[in-house]
Participant: 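Attaching a single structure in structure tokens format; questions to follow.
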2 protein chains.
Amino acid sequence: MTIGALARASGVGIDAIRFYERQGLLPKPARRASGYRDYPPATVQRLRFIRHAKALGFSLAEIGDLLTLSADHERGVEGIRRRAEDRLAALEQRIAELERVRDGLKTLIDACPGHGEPDRCPILRALGDECDDAAAVTAVAAVRR
Amino acid sequence: MTIGALARASGVGIDAIRFYERQGLLPKPARRASGYRDYPPATVQRLRFIRHAKALGFSLAEIGDLLTLSADHERGVEGIRRRAEDRLAALEQRIAELERVRDGLKTLIDACPGHGEPDRCPILRALGDECDDAAAVTAVAAVRR
DNA sequence: CTTGACCCTGGTCTCGGGTCCAGGGTCTAA
DNA sequence: TTAGACCCTGGACCCGAGACCAGGGTCAAG
């Protein structure tokens, strides 16, 4: 199939397919006499794999790793599983981080009356770090590393 | 104070300070005869504001917005509060998204025995989208938009 | 007076994941 | 045969938020 047909079948853009080839995520395809790339239909699966793995938060480098491992019939499966677990751990850490930030922001919003003098707004005071307002201090402290 | 002193006092790098100036987040400071930037001490607060707002997930453009609003004694506070609420909503959406991905990944890992043939690994099968495995299908479906 | 720490400008480079463009060649249906 | 859709390459460009660098000038201590 041509690159355009592959793009339609896999849901991945033409430019992205050529980019993946340059990155080594796709093997260099056969060429027709005209120079057109000619893909075997199984490439659709490979591109879907890449698309889904991206949706799970894997980087292209990690996906290349997964693809290499998945071709390794000896130790591939353990490697895949371990990488998936690493991804999961990173994901959970990121979620916890965002939740911390969310709680800080929520605290500030709750403490803000939404009107009045700007120098009494706990959000501004907390961000500027020049306040004794307990709620604001706590909220921003939660956000600092 | 010089830019180096300001950097130390605020915890923001020298290059970043000059960058913020170019972006209009910091007013152009006075210059000494030598051409050195000479900052009023209050700039430390402003840089801390920027640093904290960044930690809350605001982009530099949004921070510029906040700084403009915070100088507006008429309608500033309502604007600030509304933007904080927007940020909170975006944050919660992002968290929910990541949780969806996390659950999908978790399901896949639980379904994977961690050994055996690669073509029986639910992670690989799900990513390649060529499977009837219910757990894998559900997991990946949860991830797709 | 020299050394070393600091500062200036303006420019390029980084990361990731592509997109877009110019200037060609090719394929297919009418 | 010709229009229009497709394909090729190599390169430039995009986003955000700075980092880094060269080639200069400045400032304070010893």
Side-chain angles (χ1 to χ4, degrees), chain A residues 1-40 43 46-67 87 90-91 94 98 101 145, chain B residues 1-40 43 46-67 87 90-91 94 98 101 145:
Chain A
M1 57 204 307
T2 65
I3 197 169
L6 178 61
R8 280 187 295 277
S10 65
V12 172
I14 289 181
D15 283 334
I17 293 173
R18 286 196 278 243
F19 178 72
Y20 293 161
E21 182 184 328
R22 280 200 300 284
Q23 301 301 110
L25 290 166
L26 289 180
K28 306 210 169 208
R31 297 293 185 132
R32 293 187 187 162
S34 59
Y36 284 22
R37 287 172 179 80
D38 197 2
Y39 293 95
T43 310
R46 199 173 175 98
L47 279 173
R48 285 194 182 150
F49 181 104
I50 293 171
R51 202 154 58 79
H52 296 156
K54 262 168 51 63
L56 288 172
F58 289 92
S59 71
L60 291 192
E62 288 170 325
I63 293 170
D65 214 27
L66 290 176
L67 287 167
R87 250 296 65 222
L91 204 46
R94 180 74 184 135
L98 289 181
V101 172
R145 321 253 180 265
Chain B
M1 57 204 308
T2 65
I3 197 171
L6 179 60
R8 278 187 296 277
S10 65
V12 172
I14 289 180
D15 283 333
I17 292 173
R18 288 196 278 241
F19 178 72
Y20 294 161
E21 182 183 327
R22 281 200 300 284
Q23 300 303 108
L25 289 159
L26 289 180
K28 306 210 170 208
R31 299 290 185 134
R32 294 187 186 163
S34 58
Y36 284 22
R37 288 171 178 81
D38 198 1
Y39 293 96
T43 311
R46 200 173 175 99
L47 279 174
R48 285 193 183 151
F49 181 104
I50 294 172
R51 200 155 57 81
H52 296 156
K54 263 167 49 65
L56 287 172
F58 290 92
S59 70
L60 290 191
E62 289 170 324
I63 293 170
D65 215 26
L66 291 177
L67 286 167
R87 255 292 65 223
L91 205 46
R94 181 70 184 137
L98 289 181
V101 172
R145 323 247 180 267

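We use all heavy atoms of the structure for the numbers below, so side chains are in, but hydrogens, waters and symmetry mates are not. Naming convention: chains lettered A, B, ... in sequence-line order (proteins, then strands); numbering from 1 in each chain.
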Participant: Out of curiosity, A:T2 OG1 to A:R8 CZ, how far, rounded to the nearest 0.5 Å?
Facilitator: 6.5 Å
Participant: Could you tell me the separation between the OH atom of B:Y36 and the P atom of C:dT9, rounded to a whole number of Å?
Facilitator: 11 Å
Participant: With heavy-atom distances below 4.5 Å as the criterion, would you say the side chains of A:L47 and A:L6 are in contact?
Facilitator: yes
Participant: For the residue pair A:L60 and A:K54, establish whether any side-chain heavy-atom pair is separated by less than 4.5 Å.
Facilitator: yes
Participant: Nearest-Å distance, OH (A:Y39) to C1' (D:dC7)?
Facilitator: 11 Å
Participant: Less than 4.5 Å apart, side chain to side chain, heavy atoms only: is that true for B:I63 and B:Y20?
Facilitator: no
Participant: Might you list the N or O atoms of the protein lying below 3.5 Å from N or O atoms in nucleotides 9-15 of chain D, with each pair's distance?
Facilitator:
residue : atom : partner : partner atom : Å
D:dT9   : OP1  : A:R31   : NH1          : 3.3
D:dT9   : OP1  : A:R31   : NH2          : 2.9
D:dT9   : OP2  : A:R37   : NH1          : 3.0
D:dT9   : OP2  : A:R37   : NH2          : 2.9

Participant: Expressed as a whole number of angstroms, how long is the span from B:L25:CG to D:dG16:P?
Facilitator: 13 Å
Participant: May I ask you to evaluate whether A:K54 reaches the phosphate of C:dG16, defined as a side-chain N or O under 4.0 Å from OP1 or OP2?
Facilitator: no
Participant: Less than 4.0 angstrom between a side-chain N/O of A:Y20 and OP1 or OP2 of C:dG18, yes or no?
Facilitator: yes
Participant: Check DNA chain D for consecutive Watson-Crick or G-U pairs with both distances under 3.5 Å and list the runs of at least three as stems.
Facilitator: C:1-30 with D:1-30
Participant: For B:D15 and D:dA19, what is the distance between atoms CG and C1' respectively, to the nearest whole Å?
Facilitator: 6 Å
Participant: Is there a donor-acceptor pair under 3.5 Å between the side chain of B:D38 and the backbone N or O of B:M1?
Facilitator: yes
Participant: Return the value, rounded to whole Å, for the distance between atom CZ of A:R32 and atom C1' of C:dT28.
Facilitator: 13 Å
Participant: Nearest whole Å is fine: how far is D:dC7 C1' from A:L6 CG?
Facilitator: 14 Å
Participant: Over all heavy atoms of both residues, which pair between A:A16 and A:V12 is shortest? Give the atoms and the distance, please.
Facilitator: CB-CG1, 3.7 Å
Participant: Taking 4.0 Å as the cut-off, does a side-chain nitrogen or oxygen of B:S34 come that near to OP1 or OP2 on D:dG25?
Facilitator: no
Participant: Please step through side chain to side chain contact (heavy atoms under 4.5 Å, CB included) for the pair A:F19 and A:L25, ending with a clear verdict.
Facilitator: CA-CA 9 Å; A:F19 178 72; A:L25 290 166; over 6 Å; no
Participant: Whole angstroms only, please: what is the CD1-C1' distance between B:I17 and C:dT9?
Facilitator: 17 Å
Participant: How many angstroms lie between CG in B:L66 and CZ in B:R87, if you round to the nearest 0.5 Å?
Facilitator: 10.5 Å
Participant: Whole Å only: how far is the CD1 atom of A:I63 from the P atom of C:dG17?
Facilitator: 8 Å
Participant: Looking at B:S59, does any N or O in its side chain come under 4.0 Å of the phosphate oxygens OP1/OP2 on D:dG16?
Facilitator: no
Participant: Shortest non-hydrogen contact from A:R37 to A:E21?
Facilitator: NE-OE1, 2.8 Å
